[in-house]
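Remarks on the structure that follows.
Predicted model, so just to flag it, every value in this text is computed and none were measured. In what follows, chains are A, B, ... by sequence order, proteins preceding strands, each numbered from 1. Any value given below was found using the heavy atoms of this structure, including those in side chains, with hydrogens, waters and symmetry copies removed.
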2 protein chains.
Amino acid sequence: MEMGKSTALKKETHRSNSNLVKDIIIGMSDGLTVPFALTAGLSGVLNTTHLIIISGLSEIAAGCISMGLGGYLAGESEVEHYDAELKREFSEIETVPELELKEVEDILIKMGVEEQLSREVALQISKDKTRWADFMMKLELEMEKPAKNRAAISATTIALSYLVGGFIPLFPYIIMHDSKTAFYISCFVTVIALMIFGYFKSRVTGQPVIKGTFKVTITGIAAAAAAFLLAKAVS
Amino acid sequence: MEMGKSTALKKETHRSNSNLVKDIIIGMSDGLTVPFALTAGLSGVLNTTHLIIISGLSEIAAGCISMGLGGYLAGESEVEHYDAELKREFSEIETVPELELKEVEDILIKMGVEEQLSREVALQISKDKTRWADFMMKLELEMEKPAKNRAAISATTIALSYLVGGFIPLFPYIIMHDSKTAFYISCFVTVIALMIFGYFKSRVTGQPVIKGTFKVTITGIAAAAAAFLLAKAVS
């Protein structure tokens, strides 16, 4: 019992950590990458850092609001979508109960429960409509109930991660005047940051560390290279 | 049976549509918003459109790669995370089978199944280890198996949506020379696009249409206003 409890707790912690980490990853990946790429691109066509800083700051502000609010709205729609499907499930229980009962039975049979026992269990589950609907949501629609406060937490986490990530490539342009020198320092600092971020991301998500670190770093470099070449080509 | 099948199919379609729509929403929200905000911010401090176009294009390229690859990596980690938890579940079935059997029983009891019947059903489910682990994943950890090819589809959808979204606010700067005129047209076109996008988003996700449209539009305007004011303040 003691052990079962601690395992359950461990699993629970795993799950909410995984949501937080996913949001930090979403915000930080883009935050490290897009402002890095944008400032790198502009440094190829501008000699002073003034406009690069303005662009970088504008982009970080826009990115924070867009991703934060975007994340909030996405989380909110998830809750609304779940609620709509749940409502439909309840109405099907009212209107076609024998069909829904058969569906519970079929799901149990698929789980390896004998036919007659499935019928018995289905009848017991159907005694409580909330449990019945919950069963259908999880096992027929395979939808998990999203946490109600998830959207706001998710939004804040994504926005802050974007902000923190975005300042790393930008700060060399703030403290230097020559855009070329700032560009080299920004590349150096950001590639190191991408590697550290990639390393922690891989550790936390249980991916192979070298492969994971490499993937994150190459994404940032690819985005910066694309922006740099495009800016050069257009100017 | 015919009806049950068509309902199941409807629900399946619902589910994969919901993933696609979610990705389009993620890409298009940011695509419409960030390049809009960035170009708007720069138009406040620059008189010609040349550098605005370069910034906008760099940002779109960086955003597509970052969000697309970011989405791909996030989807891939989801698959890897699921596989790691599944492996752990299998190992627990091997090492502490009586504890895992008790967990199946407890879950069934919570569903409203009587104690003795729960024991019987748990024993039947545990005859097949794959079904047993599957049961634990869905009902104890509440994790759904992510589709294997989801990551690549998701990445492409997000990147393309970002690209399409990003060109809407940018194209006025491409066809005009005066940044002020281009700014007004970009605002007009993008706010309309945000409203249309918000309307469809609300329809598809089953949200109240006016509220949903308003939310999307206000996010875009807030991001652009923040970028504009920040650019003005810094320059």
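Residues B:His50 and A:Ser235 meet the side-chain proximity criterion, which asks for heavy atoms closer than 4.5 Å.
Rounding to the nearest 0.5 angstrom, the gap separating the CG atom in A:Leu51 from the CG atom in B:Leu42 is 7.0 Å. The CG atom of A:Leu230 sits 11.5 Å away from atom CD of B:Glu59, with the distance rounded to the nearest 0.5 Å. Taking CZ of B:Phe135 as the start and NZ of A:Lys110 as the end, the distance is 15.0 Å to the nearest 0.5 Å. The distance from the OG1 atom of A:Thr219 to the CE atom of B:Met67 is 13.0 Å, given to the nearest 0.5 Å.
Chosen from B:Ser55, B:Pro35, B:Gly41, the residue pairing most often with chain A at heavy-atom distances under 4.5 Å is B:Ser55. Contact count against chain A (heavy-atom pairs under 4.5 Å) is highest for B:Ile65 among B:Leu108, B:Ile65, B:Ile218, B:Leu123. Heavy-atom pairs under 4.5 Å with chain A peak, among B:Ala62, B:Ser66, B:Ala37, at B:Ser66. Ranked by heavy-atom pairs under 4.5 Å with chain A, the first of B:Asp30, B:Val121, B:Thr33, B:Leu32 is B:Asp30.
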Exercise for review: Go through the steps to decide whether A:Gln124 and B:Glu114 satisfy the test side chain to side chain contact (heavy atoms under 4.5 Å, CB included), and finish with yes or no.
Suggested key: CA-CA 8 Å; A:Gln124 286 191 6; B:Glu114 281 161 15; 3.2 Å; yes

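A 6.0 Å sphere centred on CD of A:Gln116 holds no more than 12 heavy atoms belonging to other residues, nucleotides or ligands. Remark: A:Tyr82 OH is packed, more than 12 non-hydrogen atoms of other residues, nucleotides or ligands lying under 6.0 Å away.
The minimum heavy-atom distance linking A:Ser58 with B:Ala227 is given by the pair OG-O, 3.6 Å.
Using a 4.5 Å cut-off between heavy atoms, A:Leu117 contacts chain B through its side chain alone, with no backbone atom that close. Of the atoms belonging to A:Ala231, heavy atoms from both backbone and side chain fall under 4.5 Å from chain B. Neither the backbone nor the side chain of A:Ile60 comes within contact range of chain B; no heavy atom of the residue lies under 4.5 Å from a heavy atom of that chain. Contacts between A:Asp128 and chain B at a heavy-atom distance below 4.5 Å are absent for every atom of the residue.
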